[in-house]
2 protein chains.
Amino acid sequence: MAKRVGISDVAARAGVSPTTVSHVLSGRRHVSEVTRARVRSVMDELGWEPNQLARSLRMQRTLTIALIVPDITNPFYPSVARGLLDVVSEPGYQVLIGNTDGSPSAEKDLVARMVTRSVDAIVFAGYYSKSSDVAAAVEAGIPVALMGGRRASAGIDVLTSDDLAAGEIATRYLIGRGYHRIAFITGASGDGPPADRVKGYRRALTSAGLRFNSQLIVREEFSRAGGAAGMEKLLELHKPPRAVLCTNDMVAIGALDVARARGLRVPDDLAVMGFDDIEAAALISPSLTTIAGDPREQGRAVGRVLLGRLAETATTASLPQRILFAPSVVPRESA
Amino acid sequence: MAKRVGISDVAARAGVSPTTVSHVLSGRRHVSEVTRARVRSVMDELGWEPNQLARSLRMQRTLTIALIVPDITNPFYPSVARGLLDVVSEPGYQVLIGNTDGSPSAEKDLVARMVTRSVDAIVFAGYYSKSSDVAAAVEAGIPVALMGGRRASAGIDVLTSDDLAAGEIATRYLIGRGYHRIAFITGASGDGPPADRVKGYRRALTSAGLRFNSQLIVREEFSRAGGAAGMEKLLELHKPPRAVLCTNDMVAIGALDVARARGLRVPDDLAVMGFDDIEAAALISPSLTTIAGDPREQGRAVGRVLLGRLAETATTASLPQRILFAPSVVPRESA
DNA sequence: CTGAAAGCGCTTACAG
DNA sequence: CTGAAAGCGCTTACAG
C-alpha cells in the first residue's frame, strides 16, 4: 500500500489550495466551473476520498450511532438494528453495536466508551432501561433513544412497545372468539412489560363485564418449562380455563406441550396465545396465535427520532417524547 | 454541557505538560511517582478521558472492526457478531455493522465507506463471498476475514463452515441408524454450501458401499414450500426413500409438513434431517434432528484471527489461512 | 472567486 | 525525569 493520498496532494496536483478542494467537495462556497472540474478530475485520478477521522475531529461529529443492547442474539434486537440501519444509512451514519448481557456495569462501561468515541447519538435497550444508565451520554450532550423506559426526560426520548395495550388486545381477541374463562401464565410480579400485559388483561376483562379471578393468574419462570408447569397447575383447578394467555411465546410453547401430552384439542378444548411472535411461532403445529410488535419498524422509528434530534439546534429543540408502539394480533391455529 | 475538558486542561491543573499527562496514561515512559499521582488525581477530579477520535487520527488506528453481512436479521449473523464481540471487546475494539442485502453494489459501497473510516479490520460475509468484494480494503492494507470464501489470498483470511463434512456427517449418521435409501432435497445446482453438502452426501454413500441414485436428489426452492414440494415428489417415486436430508431446516420443516399430512410416522416410516439448527428446530414436534455449526464460536475464531493480524508486523506476518469449521449432529426426534 | 493559517485533541520524535 | 513543537488530515473563520 502506497502512502495514502491526502487533500494537499489533490490540491497540489490541481494547482489550488486545500481550502478549495474542500469546498468543491462540500459545495459550501462557490468555486469557478473550470477549477471545480479540474479538482474533480484530480480527485478521481488519485482516487482520493476524505479521511473521515480527520473530518470527524474537525467537525465534531462522527456520523456514528451506538446501539447498545442486552443480547444481540435475541432476535428482537437484530430486527431493531435493521430498522435503524434502514433509516440512518442513507444520510451516511454507521452503527456501532454493544452487547451488555444486561449487566449494569457493562452498560455503564459501554455508554462511557461510546461517549469517549464521540458517537453522535445512542440507542440504548436494557432489560430494565433506566435513564441513569445513560447519564454519561446525556451529560455529554449526546441524544439518546431509550427503548423500553418508563418516561422521557431531558436528552432522552423513550420508545417502547405498549404492553398494556398488548394485554388488552389479546384478551379482547379471545373474548371475541367466545372464550370467557381466560387464564394468564406470567412470571414473578414486578413492573416490567409482563406486569403491563397482565394489567391490560384485567382491564379488558373488566370492560367486557367479566370477573377477574386471581386463581387464573399463575406465576412461573419465563421459559418453556415454566409454561408447562403453569399449564399443569391450571388444569388441576376445579374449573380449568378454556383459554390461556402466556406472557411470551416460549411459555406458550410449554403450555402447548402439556395440551398435547394430555390429548387436549387446541383450540377447541383449550386456546393458547403468546406474545412476541418469535420465529418458531409460525413453524410449530398447531401454529401459535400471538401478539406482535414490529421490531424493525421500531428500529426505524428510533432512527427517525434520533435523526430529528441531530438536526435540531438549541432554539428548535422540542420536548423529549415517549412513543408507544401498538401491537396487533397474529391469528394462527392455536386460538 | 460545559466545554469538554481536554488534555491541556488536565496538564495545566496538574502543573505539567500535556506530554507528561499522555505518558502517565500510556505508561510508555517513566513518570515520577509524585507527578503521576498528581496527574491521576486531576484526571479523576476533572473526569477527563482521552478523546478517542484525536487519538485515532494521531495513532492511525481506530480500535474499530467492521462486520459486513447480508442480513443481520438472519440469526446466524447475530451469533457471529456475539462471538466477535466476545473476543475483541476486551482489547478495546468496537464493532461497526453493515447490512448489504446481498447487493454487490451495497457491498462495494460499504467496504469503501469502512475504508474511509479507517477501520482496523473487516469481517465480510456475503452470500457468495469473493475476494474482489473486499479489494478496496486489501489495497488500503486493512486485514480482512472473509466468511464463506473459497480461498485465502494476500490480506484475506478465509473462515467458513465445512459443508462437505456436514453432508458427510449427516449421511453417515443416517446410515448408522439403519437408513440406506436416503434422499436429498436441495436447491438449484451451483457451487455454494448446498452443493458441498450434496457432495459430502455422495461421498459418504460411496464410502459406505451404497449406490448413489440421482433420482433421490430433488431440487426445489430453499423454503418450507420447497421442502414440501420436494417431499411430495419423493413420495411419488416407485420406491420412496426411508430418510431424507434437507439442505436447511426450513426445507426440512416443509418435508415434515407433508409427512404429517400423509400420516407418516417420523422417524419410523420416514426420517427427516436438516442443516443449520435454527431456533425452531428444537421447538417443533417432532423436534428436528439437524447439523449445527457453532456460529458464535465462528465469530470468536474470526476475532482471534483478526487480532492476530493486527498484532503482526511486516516481518512477523504469516501466510493467509483458510479455516474450516467442522459441524456436528444435533440428534432429536426426527431422525 | 481564492488562499494562508488556525485548530479539532491527541501522541511522539527530538532535545535537554 | 520532563517539555516544546510538530503533525495526524481535514474544515472554516478571516482576509483579500
Side-chain angles (χ1 to χ4, degrees), chain A residues 1-40 42-43 46-64 92 115-120 140-141, chain B residues 1-40 42-43 46-64 92 115-120 140-141:
Chain A
M1 64 215 103
K3 190 190 156 308
R4 205 171 144 24
V5 356
I7 196 173
S8 55
D9 299 313
V10 175
R13 182 127 183 173
V16 297
S17 71
T19 303
T20 294
V21 175
S22 176
H23 281 113
V24 345
L25 201 71
S26 68
R28 293 172 63 83
R29 130 170 147 181
H30 189 84
V31 176
S32 79
E33 191 78 21
V34 292
T35 311
R36 211 183 327 142
R38 186 151 30 90
V39 171
R40 280 250 131 82
V42 173
M43 283 179 181
L46 303 187
W48 175 76
E49 301 208 25
N51 178 319
Q52 287 299 328
L53 225 46
R55 189 170 222 186
S56 292
L57 180 60
R58 175 62 230 243
M59 299 179 78
Q60 304 282 56
R61 59 162 210 181
T62 52
L63 289 174
T64 303
V115 171
T116 69
R117 280 181 173 246
S118 314
V119 298
D120 293 339
Chain B
M1 65 216 106
K3 191 189 158 308
R4 207 173 143 19
V5 357
I7 194 174
S8 56
D9 299 314
V10 175
R13 181 128 186 172
V16 297
S17 71
T19 304
T20 295
V21 175
S22 177
H23 281 113
V24 344
L25 201 70
S26 68
R28 293 171 64 83
R29 128 172 147 182
H30 190 86
V31 176
S32 79
E33 191 78 24
V34 291
T35 310
R36 212 182 327 141
R38 188 151 30 91
V39 170
R40 279 250 131 81
V42 174
M43 283 180 182
L46 301 187
W48 176 76
E49 301 208 24
N51 178 319
Q52 286 300 328
L53 224 46
R55 189 170 222 186
S56 293
L57 180 60
R58 175 63 230 241
M59 299 179 79
Q60 303 284 53
R61 58 162 211 181
T62 51
L63 290 174
T64 304
V115 171
T116 69
R117 280 181 174 246
S118 313
V119 298
D120 292 339

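So that the names make sense, note that chain A is the first sequence line, chain B the second, and so on, each numbered from 1.
- Between B:N51 atom CG and C:dG9 atom P the separation is 7 Å, expressed in whole Å.
- When only modelled atom types and interatomic distance are considered, A:T64 and B:R117 share a side-chain donor-acceptor pair under 3.5 Å.
- Here the closest non-hydrogen pair linking A:P50 and A:L25 is CG-CD2, 3.4 Å.
- Scanning for side-chain contact (heavy atoms from CB on, under 4.5 Å) contacts around A:T35 gives A:V16, A:T20, A:V31, A:S32, A:R38, A:V39, with sequence neighbours left out.
- Partners of A:R36 according to the side-chain hydrogen bond (donor to acceptor under 3.5 Å, both in side chains) rule, which considers only residues two or more places apart in sequence or in another chain, are A:E33.
- Scanning for salt bridge (Lys or Arg N to Asp or Glu O under 4.0 Å) contacts around A:R55 gives an empty result, with sequence neighbours left out.
- One interatomic measurement links the two molecules: CG of A:D9 to C1' of D:dC8, which rounds to 14 Å at whole-angstrom precision.
- Separating the CG atom of B:L53 from the P atom of D:dC10 is a distance of 14 Å, rounded to the nearest angstrom.
- Look at CE on B:M43: it is 12 Å from C1' on C:dC10, rounded to the nearest Å.
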Next item on the list: Sugar-phosphate means primed atoms, P, OP1 and OP2; the rest is base. With that split, encode nucleotides 11-16 of chain D 5' to 3' as B, S or - using protein heavy atoms under 4.0 Å.
Entry: BB-B--
Next item on the list: Would you write the dot-bracket representation of DNA chain D, where each base gets (, ), [, ], | or . depending on whether it forms a Watson-Crick or G-U pair under 3.5 Å and with which partner?
Entry: |||.||||||||.|||
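- For B:R13, the salt bridge (Lys or Arg N to Asp or Glu O under 4.0 Å) partners are B:E45, not counting sequence neighbours.
- At least one side-chain nitrogen or oxygen of A:Q60 sits closer than 4.0 Å to the OP1 or OP2 atom of C:dG9.
- A distance-only check finds no donor-acceptor pair linking the side chain of B:T116 to the backbone of A:E49 [under 3.5 Å].
- Phosphate contact (OP1/OP2 of C:dT2, side-chain N/O of A:T35, threshold under 4.0 Å): present.
- B:S56 has its side chain out of reach of B:L63: every pair of non-hydrogen atoms, C-beta onward, lies at least 4.5 Å apart.
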